[in-house]
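What follows is one structure encoded as structure tokens, with my remarks underneath.
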Amino acid sequence: MTKINVPLKNYSNLILIFFLTGFLSIFFGLFHVYLNPIFSFGLLGLFFIILASLKNIKILFYALFLWSITIGIVTNLTFLGQFNIINYGDEIFVFMLALILFFRFRKQELNSEILKFVLIIFLFISFVALSTILNKGSFIGLLNFLSTYLKFFIIFICAVSFLEFKDMKKLIFFMLLIGVFQFFVVNVQFFSYGKTNILVGPEINLWQDSACGLFGEYGAHRIGHFSIIFLILSTSLWLFTFKKKWLFFIFICLYTFIISFTEQDYLFLIFFILISVNVFLRNRIKMPFKSFAFCGIFLLIFSGIFMSYKTNFEPTKRYFAYFSNPRKIEGSGKVQSLLLVQKIISQEPHYILIGVGPGSFSGGIAAKVKGKYYKKYIEYKVRRIKSTLDYWWSSFITLISETGLVGYLLYVIMFILIFVRGFKMYKCKNIKISNFDKGMAFALCNIIGFLWFISFLSNALEWVVLTFPCAIISAYVWKSYNYYYKV
């Protein structure tokens, strides 16, 4: 059991935690006193979670993940959904993790390599704050931006610092079991043609009867992305361990993904299948059969795409239309948004470095704070959206436009450091590395690639339910590398 020990001679940290917890409780209590007394119970529950986390930090990790999974139930099936404050539950949990991390940082117990991430995060925060000041942006927009895009790294650093290998393994397996539960929920929704889908929220494709699991708003896309992450993990572990239990999870994740109709993920899925086949053939089949087998798999995938086109499958027809008519791509929301960024930079060249400021151009944060360029260019472009390519923002567009080239590079560097660590462990010839850990490293490289793939197509980097599993897997691989190489 991982514990945070508080020495008797040092009461300042404990007193500060109680003070901040009490302050937050009083603040939210006064703010919502005229709305509903149910918030008193919620704040009381949060208070006890914080107290329990002082004894066992794992409670906060499980609470954060379960909250991200059940937010659809809370917002859709209870009256709490009418209060915007309910959407900031994950921010509160991450804030508490960051607070405990701060006390550990004060005692200088952090690993020297983790301090690199702390330094880059500090530079990123400083630069984004400077961009906000220079652009006279919204302070609320700045706080929302930082709390949204830094969650992944705070969870990653806290997992590396507070969790042991067995704790992270249990947490990963727990998330897989949640995926199995989602599988049954999605099946009921799918085969009832959406009649049992009481959690449905607005969807990009406007399929109101789509299966969304427990996620509610944009649930079909969340369950699709969620399934791909654990499909990558399950497939990777099977490729390196060949244990039958991973085949069960592969089936569960693949089936859930298929009936989620998350069309934009198919491109990456094909890419991952080809990589996985290559790894399988390299490990299990000798030449010259390897080349023939790889070509056979490639032809099978191509035949499937061609048949889906011939059978008038709507998403496939739409993608073929983009390839056959470049003007369709140019007229899509994504490209139009990038052209707007180019227009803004041509008018104000310094924006290429510092951006227009967080919450000023595109994305959910800009929609909340009504940023300058959002109101001027994006807000009035409300129209029927048939695919994610027609959507007017994505994580990439938000980062590159609002933080500029410097802010974007600072953000990407942290992902690159994690990716490189995973790739080194995957390619390493050290015989001491277990097959399970090799599979985790292979999975990490592909999951990070997947996150950055969908970052160009949607604002998925803002969803904790996707970044949390990746952060825990990243922490496991990071600690494993340190263990094998005694860094």
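Judged purely by atom type and a 3.5 angstrom limit, K438 uses its side chain to pair as donor or acceptor with the backbone of C428. Panel note: side chain S131, backbone I354; a donor-acceptor pair is recorded below 3.5 Å. At least one donor-acceptor pair closer than 3.5 Å links the side chain of Y484 to the backbone N or O of S434. Listed for the N459 side chain is no donor-acceptor partner under 3.5 Å among the backbone atoms of S455. Remark: side-chain polar atoms of D167 are paired, donor with acceptor, to backbone N or O of E164 under 3.5 angstrom. At distances below 3.5 Å, not a single donor-acceptor pair connects side-chain atoms of S234 with backbone N or O atoms of L231. In this structure a side-chain-to-backbone donor-acceptor pair under 3.5 Å is present from S68 to F65. The main-chain N or O of A159 is never found under 3.5 Å from a side-chain atom of K479 such that the two would form a donor-acceptor pair. Remark: side-chain polar atoms of T403 are not paired, donor with acceptor, to backbone N or O of I400 under 3.5 angstrom. Checked by atom type and distance alone, the side chain of Q182 never pairs as donor or acceptor with a backbone atom of I223 at under 3.5 Å.
Taking the six-membered ring wherever Trp is involved, the centroid distance between the rings of W478 and F156 falls below 6.0 Å. A ring-centre distance under 6.0 Å is found for F257 and Y266.
Cation-pi geometry between K243 and F436 is not met: the NZ or CZ atom fails to fall both under 6.0 Å from the ring centre and inside 45° of the normal.
A perpendicular orientation is assigned to the rings of Y411 and Y149, their planes being inclined by more than 60° (bins at 30° and 60°). Classified by interplanar angle (parallel below 30°, tilted 30° to 60°, perpendicular above 60°), the ring pair F423/F419 is parallel. Ring geometry for W452 versus F415: interplanar angle over 60°, hence perpendicular rather than tilted (30 to 60°). The aromatic rings of F183 and Y255 lie perpendicular to each other, with more than 60° between the two planes, well past the 30° mark. Classification of the F249-W246 ring pair by plane angle, with boundaries at 30° and 60°, yields tilted. Taking the six-membered ring where the residue is Trp, Y408 and F396 present perpendicular rings, their angle passing 60° and hence far from 30°.
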inquiry  = Apply side-chain contact (heavy atoms from CB on, under 4.5 Å) to residues F453 and F271 and explain how you reach the verdict.
reply    = CA-CA 11 Å; F453 169 77; F271 170 77; over 6 Å; no
inquiry  = Let's go through V464 and V94 carefully: what are the C-alpha distance in whole Å and the side-chain angles of both, what is the deciding distance for side-chain contact (heavy atoms from CB on, under 4.5 Å) to 0.1 Å, and is it a yes or a no?
reply    = CA-CA 10 Å; V464 178; V94 174; 5.6 Å; no
Check against side-chain contact (heavy atoms from CB on, under 4.5 Å), M440 and Y426: CA-CA 8 Å; M440 290 291 290; Y426 160 61; over 6 Å; no
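When all heavy atoms of F127 and G407 are compared, the pair lying nearest together is CE2-N, 3.5 Å. For the residue pair L97 and F162, the shortest heavy atom distance occurs at O-CE1, 4.5 Å. Contact detail for L237 and G439: the closest heavy-atom pair is CD2-C, 4.1 Å.
In this structure, F181 places its CZ atom where only 12 or fewer heavy-atom neighbours from other residues, nucleotides or ligands lie under 6.0 Å away.
No side-chain donor-acceptor contact under 3.5 Å links D437 and Y483.
The CD1 atom of I473 sits 11.5 Å away from the CE atom of M168 when rounded to the nearest 0.5 Å.
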